[in-house]
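See below for the structure under consideration.
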Amino acid sequence: MTLGFDFFRHKLQWPVTETPAWANRVERWYQLDPAAFVLADAYWTFQGSLSEPPGWLILASPSASNFTDAQFAASETPSPAKFVHTLPNIRSVALLQLMKWSGQVLCLQKDPGTIAYALNEAFRLVEFEETTVWVATVRQLKNEWAAAFYKIGREGHFQVNASSETPLSTRDAEWFEWLDSSSRKYVAEGYEIIKK
């Protein structure tokens, strides 16, 4: 089987200093942890290229919610409003509000190969359900946070982002940068992937 594959990556400095363009669409956006914020901001940035909603959304969360857990544990006045962000699946709520979508969501943590594991799950879903699957992931890079969306479907099932300003070779390098060397061998086992 031949799969269509597209990849979008977005970074931002944390903490943010400006109100996001999407603030009026997400209730209490200012309470979001960095992971939830950068996922929402990435979607807002790439929504035109992501186009049609997926059949499935897989939220790949390397390190689960460890960053937010540590902040919660260190806070002098822990509150229920902050505690809820220690649950990894909660980081998808703002994203789903922006997407105006209420479909099937999987939340996966399987380090050190979380992203590779999520991509393989996406390939299997595409094979068995003939649908488009998005894998959304986020990670901390020193004082930056980065989110990525992988869009996977059968070739011809969705429009690939052919007008990307990023050259394919650079995008491939960025894609592999997200996968550690021990988990790369598990990606796309038995599939031919078309990246355009």
Side-chain angles (χ1 to χ4, degrees), residues 4-65 67-68 71-72 80-109 114-115 118-119 121-122 125-126 129 131-141 144-153 157-166 171 174-175 178:
F5 179 90
D6 213 350
F7 170 76
F8 307 89
R9 184 173 175 188
H10 180 68
K11 291 185 202 177
L12 57 79
Q13 298 285 317
W14 190 263
V16 294
T17 57
E18 296 179 13
T19 301
W22 44 267
N24 64 343
R25 297 175 188 233
V26 174
E27 188 179 338
R28 294 186 297 221
W29 66 269
Y30 46 85
Q31 290 182 341
L32 296 176
D33 71 350
F37 189 98
V38 73
L39 276 174
D41 207 54
Y43 172 77
W44 190 257
T45 301
F46 296 119
Q47 62 184 318
S49 298
L50 288 165
S51 63
E52 66 186 67
W56 284 83
L57 173 66
I58 299 177
L59 178 61
S61 299
S63 302
S65 57
F67 175 85
T68 307
Q71 284 191 318
F72 179 76
K82 292 195 182 293
F83 173 76
V84 73
H85 292 288
T86 67
L87 307 172
N89 61 320
I90 294 300
R91 69 181 45 154
S92 67
V93 172
L95 169 63
L96 297 176
Q97 286 178 344
L98 287 177
M99 290 172 63
K100 296 182 182 172
W101 184 75
S102 59
Q104 301 175 92
V105 179
L106 297 175
C107 184
L108 303 174
Q109 295 88 32
T114 297
I115 299 167
L119 288 170
E121 289 298 311
L125 283 169
V126 169
E129 297 203 6
T131 188
T132 298
V133 178
W134 295 359
V135 174
T137 188
V138 63
R139 65 169 37 164
Q140 184 180 11
L141 309 167
E144 287 185 321
W145 284 79
F149 281 88
Y150 302 89
K151 183 176 165 183
I152 301 120
H157 190 77
F158 65 81
Q159 195 66 20
V160 177
N161 182 28
S163 63
S164 173
E165 296 176 13
T166 309
R171 298 179 81 208
E174 289 175 350
W175 182 62
W178 282 76

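All of these numbers come straight from a predicted model, not from anything done at the bench.
- Looking at every heavy atom in both residues, Ala146 comes nearest to Arg9 through CB-NE, 4.5 Å.
- Of all heavy-atom pairs spanning His10 and Thr45, the tightest one is CE1-OG1, 3.4 Å.
- For Ala122, the side chain to side chain contact (heavy atoms under 4.5 Å, CB included) criterion is met by Ile58, Val133, Val135, Ile152, not counting sequence neighbours.
- Side-chain atoms of Met99 and Ser92, non-hydrogen and from C-beta on, never get closer than 4.5 Å to each other.
- From Phe7, atom CZ reaches atom CG of Leu119 across 9.5 Å, with rounding to the nearest 0.5 Å.
- Looking only at side-chain heavy atoms (C-beta outward), Leu95 and Trp134 stay at 4.5 Å or farther from each other.
- Between Phe46 and Phe8, the angle of the ring planes lies from 30° to 60°, which puts this pair in the tilted group.
- The minimum heavy-atom distance between Gly55 and Trp101, with the atom names listed, is O-CZ2, 4.1 Å.
- Annotation: side chain to side chain contact (heavy atoms under 4.5 Å, CB included) contacts of Gln104 (sequence neighbours excluded): Trp56.
- Here the NZ atom belonging to Lys100 is positioned 9.5 Å from the CD atom belonging to Gln47, to the nearest 0.5 angstrom.
- Rounded to the nearest 0.5 angstrom, Lys11 NZ and Leu141 CG are separated by 6.0 Å.
- Evaluation of the ring-ring contact (aromatic ring centres under 6.0 Å, His included) rule for Phe37 yields Trp14, Trp22 as partners, not counting sequence neighbours.
- Taking both residues in full, the closest heavy atoms of Leu125 and Leu106 are given as CD1-CD1, 4.4 Å, listed atom of the first, atom of the second, then distance.
- The shortest distance between side-chain heavy atoms of Ile115 and Arg139 falls below 4.5 Å.
- Using a 4.5 Å heavy-atom threshold, the side chains of Leu96 and Leu57 count as touching.
- Looking at every heavy atom in both residues, Ala60 comes nearest to Thr137 through O-OG1, 2.9 Å.
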For this session: Tell me, with the steps shown, if Leu39 and Leu59 meet side-chain contact (heavy atoms from CB on, under 4.5 Å).
Result: CA-CA 10 Å; Leu39 276 174; Leu59 178 61; 3.5 Å; yes
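- Between Glu27 and Gln97 the shortest heavy-atom distance is N-OE1, 3.7 Å.
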